[in-house]
Amino acid sequence: MNKRLLPAVQQSINPKKPKHWSLSLLDSMKDPDSIVKSTEKLVVIRDKYPKAKVHYLILPHEEISSIYKLNHSHVKLIEDFGQMYKKIQEDEDYSLKAGFHAIPSMQRLHMHIISTDMISPCLKTKIHWNSFTTEFFLPYDDVLRELKENGSIQKMTSESHKKLMSTELQCNQCSYKPKNMPQLKEHLRSHSI
DNA sequence: GTTCTAGAAC
DNA sequence: GTTCTAGAAC
């Protein structure tokens, strides 16, 4: 069996299959199974690989690829993100935080709404952890403030990115410093009892 | 972003 | 020998 033939076969069966993984949020935005809430300007979807008990994404219908494409004209849109975040929190029992990844992997601007327990089988790597628990995670309020003050978001350097991703593991709820990911995940369970 | 897996770490 | 991490993916 020639495995090189398989992608072509899959493509012909499903022509709408995205060309690249980084575009897959665009499909999720249209998938009724993923959509939690939808308004004229925004869509809320469940993250396909949640990193906590609650993990949603808020995205605009407008074709904005990332926070680095934002300008002063988008202040109202980002304020709408905040209103939606507020509504979601009102409906949830878990305490949620909202923010953007400094260097996102997926196209289409998206804000993470994630509970602080960080208990999920999809949370596997140090990069996952540091993406939500270090300064790589840009809190909603900070992004809105920067956009209002500067009319744009300052790009994080790749040096800062590298440094933050290699930050030693540190519990987000206490001073515990686990040796590895399995130890961290075991520890997190003790906070949720 | 995930999956897979070689080889480092234990 | 097993667990765990980190880099390639054509």
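Order of the sequence lines fixes the chain letters, A, B, ..., with proteins taken first and strands second; residue numbering starts at 1 for each chain. In this text, all values refer to a predicted model and were calculated from it rather than measured experimentally.
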Taking salt bridge (Lys or Arg N to Asp or Glu O under 4.0 Å) as the definition, give me every residue that meets it alongside [X], ordered by chain and number, with sequence neighbours left out.
X      : answer
A:E168 : A:K177
A:R46  : none
A:E135 : none
A:D117 : none

Sequence neighbours excluded and cut-off under 3.5 Å, please list the side-chain donor-acceptor pairs for residues 184-193 of chain A, or say none.
residue, atom, partner, partner atom, Å
A:K185, NZ, A:S120, O, 2.8
A:K185, NZ, A:L123, O, 2.8
A:H187, NE2, A:H191, NE2, 3.1
A:S190, OG, A:H187, O, 2.5
A:S192, OG, A:R189, O, 3.0

**Q.** Pi-cation contact, A:Y49 with A:K124 (under 6.0 Å, within 45°)
**A.** no
Is there any protein nitrogen or oxygen under 3.5 Å from a nitrogen or oxygen in nucleotides 1-8 of chain C, and what are the pairs?
residue, atom, partner, partner atom, Å
C:dT5, OP1, A:M181, N, 2.9

What side-chain donor-acceptor pairs closer than 3.5 Å can you find for residues 153-162 of chain A, not counting sequence neighbours?
residue, atom, partner, partner atom, Å
A:T157, OG1, A:S160, N, 3.0
A:T157, OG1, A:S160, OG, 2.9

Q | Partners passing side-chain hydrogen bond (donor to acceptor under 3.5 Å, both in side chains) against A:S65 (at least two apart in sequence or in another chain) | A |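 Per chain and number, A:S65 pairs via side-chain hydrogen bond (donor to acceptor under 3.5 Å, both in side chains) with A:K69.
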Q. side-chain hydrogen bond (donor to acceptor under 3.5 Å, both in side chains) with A:S66: which residues, sequence neighbours excluded?
A.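 Residues passing side-chain hydrogen bond (donor to acceptor under 3.5 Å, both in side chains) with A:S66: none at all.
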Q | Involving DNA chain C, stems made of at least three consecutive Watson-Crick or G-U pairs, both distances under 3.5 Å | A |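 Expected stems, ordered by start: B:2-10 with C:1-9.
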Q. What residues in residues 103-120 of chain A put a non-hydrogen atom under 4.0 Å from any atom of DNA chain C?
A.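 None, since no heavy atom is under 4.0 Å.
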Q.
Run the ring pair (Phe, Tyr, Trp, His ring centres under 6.0 Å) test against A:H74 and tell me which residues pass, sequence neighbours left out.
A. none
